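What follows is a set of notes on a single structure, which appears directly below.
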Amino acid sequence: MSLAGKTILMSGGSRGIGLAIALRAAADGANIALLAKTDTPHPALEGTIHTAAEAIIAAGGKALPIVGDVRSDDDIAHAVLKTRGEFGGIDIVVNNASVIDLSGSEDLGAKKYDLMQDVNVRGTFMLSRAAVPILRESSNPHILSLSPPLNISPKWLGAHTAYTMAKYGMTMATLGMAAEFAKDGIAANALWPRTTIATAAVQNLLGGDKVMAASRTPEVYADAAYAVLNRPSREATGNTYIVEDVLAEEGVTDFSGYAAIPGTPDNRLFPDIFLD
């Protein structure tokens with residue numbers, strides 16, 4: 001498997017899972033274009049689009065940082081055209097940008113509801129759609145969204161209704177495009193972890209140090225994404241993959257190296273949401 005010479009257009013990617021996926025591809029010599037807003041350092045979050053680009057280059061890839069907002073149609077169009085102009089095409093779109101708010105329906109502000117819908121659902125749809133004409137030219141085109149399986153259990157529908165709608169909307173947009181563009185050989189899949197991943201979102205919103213210590217590193221997500229993006233696009237499409245299942249299919253039997261705290265047994269890891 002190799003992504004050498006392949007071009008990835010990713011939403012977000014300044015830190016966390018998105019950056020881990022970018023670095024995994026960069027190790028092969030891939031080209032990574034990042035469409036992200038983080039132009040200057042955030043007081044509470046590490047990394048900017050520029051530090052991410054530096055890390056991608058250091059890992060062996062080529063980087064194109066594009067400061068913009070996935071909510072803006074103009075920014076999306078600019079990112080698609082600039083990526084093609086810089087690298088000659090687009091082989092992969094990774095819908096990584098996402099907003100999380102686990103508030104109940106009565107407590108959630110209208111602006112945050114709109115933000116989750118605009119970034120998670122609309123951003124996934126619009127960025128993927130904008131890239132389709134160029135993806136058609138690729139020999140193995142992929143769309144990958146970091147979103148969960150469609151689990152309509154009341155446990156998840158009622159836990160945080162607005163966020164659930166936004167993440168399921170990402171998956172529905174992805175599965176819809178898998179069906180719509182299957183004739184063009186464009187794969188579209190979703191990917192989600194079985195355990196929580198040690199990221200800023202987990203630290204700040206899901207449980208702080210306790211949950212971080214019971215999580216896996218972003219590299220587990222990155223390795224699974226790498227495997228999916230190397231699969232034949234006409235054969236591997238329309239799936240809601242689970243990270244650990246993908247890696248098991250690739251022959252991985254020992255996940256201990258992915259523990260955020262070395263030595264943490266698998267049965268002590270914190271389960272991610274949306275999976276029963």
Side-chain angles (χ1 to χ4, degrees), residues 12-24 42-47 52 55 94-104 107-108 112 116 120 144-164 166-168 170-171 189-228 240-276:
S14 298
R15 60 181 71 89
I17 295 167
L19 179 56
I21 292 172
L23 293 177
R24 181 66 183 87
H42 188 282
L45 298 172
E46 184 178 346
V94 177
N95 294 300
N96 164 72
S98 183
V99 176
I100 179 172
D101 192 313
L102 302 181
S103 299
D107 299 323
L108 183 71
K112 183 56 74 70
M116 286 195 289
N120 299 10
L144 183 67
S145 299
L146 309 191
S147 58
L150 300 176
N151 185 350
I152 60 171
S153 165
K155 173 182 179 181
W156 298 120
L157 291 175
H160 25 66
T161 300
Y163 179 64
T164 300
K167 293 306 290 187
Y168 286 5
M170 289 180 70
T171 300
N189 297 288
L191 181 64
W192 194 250
R194 183 163 281 118
T195 73
T196 51
I197 304 297
T199 63
V202 168
Q203 176 73 55
N204 299 329
L205 299 172
L206 291 183
D209 292 341
K210 181 178 180 180
V211 177
M212 286 284 281
S215 298
R216 289 191 169 122
T217 65
E219 283 69 31
V220 71
Y221 218 138
D223 287 349
Y226 179 84
V228 171
T240 53
Y241 288 118
I242 303 302
V243 163
E244 290 80 356
D245 292 346
V246 169
L247 292 177
E249 291 168 3
E250 298 298 323
V252 177
T253 58
D254 182 3
F255 290 86
S256 62
Y258 293 116
I261 302 298
T264 304
D266 287 354
N267 62 5
R268 296 293 299 276
L269 296 176
F270 200 83
D272 208 342
I273 57 178
F274 300 125
L275 302 181
D276 294 333

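Side-chain atoms are counted along with the backbone in the values below, which use heavy atoms only and exclude waters and symmetry mates. Computed from a predicted model, the values in this text were never measured in an experiment. We number each residue from 1, following the sequence as shown.
Ring orientation note: the planes of Y258 and F255 are tilted relative to one another, at an angle of 30° to 60°.
With sequence neighbours excluded, the residues that form a side chain to side chain donor-acceptor pair (under 3.5 Å) with D254 are S256. In this structure P149 satisfies the side chain to side chain contact (heavy atoms under 4.5 Å, CB included) test together with W192, T240, I242, L275, sequence neighbours excluded. With sequence neighbours excluded, the residues that form a side chain to side chain donor-acceptor pair (under 3.5 Å) with Y226 are D28.
Rounding to the nearest 0.5 Å places NZ of K112 at 9.5 Å from CD1 of I100. Rounding to the nearest 0.5 Å gives a distance of 11.0 Å between CG of L247 and OG1 of T253. Taken from OG1 in T196 to CG in L269, the straight-line distance is 7.5 Å, to the nearest 0.5 Å.
When atom types are taken as modelled, the side chain of S14 and the backbone of G47 share no donor-acceptor pair closer than 3.5 angstrom. Counting only distance, with no hydrogens or angles, the side chain of N96 and the backbone of L146 share no donor-acceptor pair below 3.5 Å. A donor-acceptor contact shorter than 3.5 Å is absent between the side chain of S145 and the backbone of S147. Panel note: side chain Y168, backbone N151; a donor-acceptor pair is recorded below 3.5 Å. With T164 contributing its side chain and W156 its backbone, the two residues share a donor-acceptor pair below 3.5 Å. Checking side-chain atoms of R194 against main-chain N and O of E244 turns up no donor-acceptor pair under 3.5 Å.
When only modelled atom types and interatomic distance are considered, D101 and S103 share a side-chain donor-acceptor pair under 3.5 Å.
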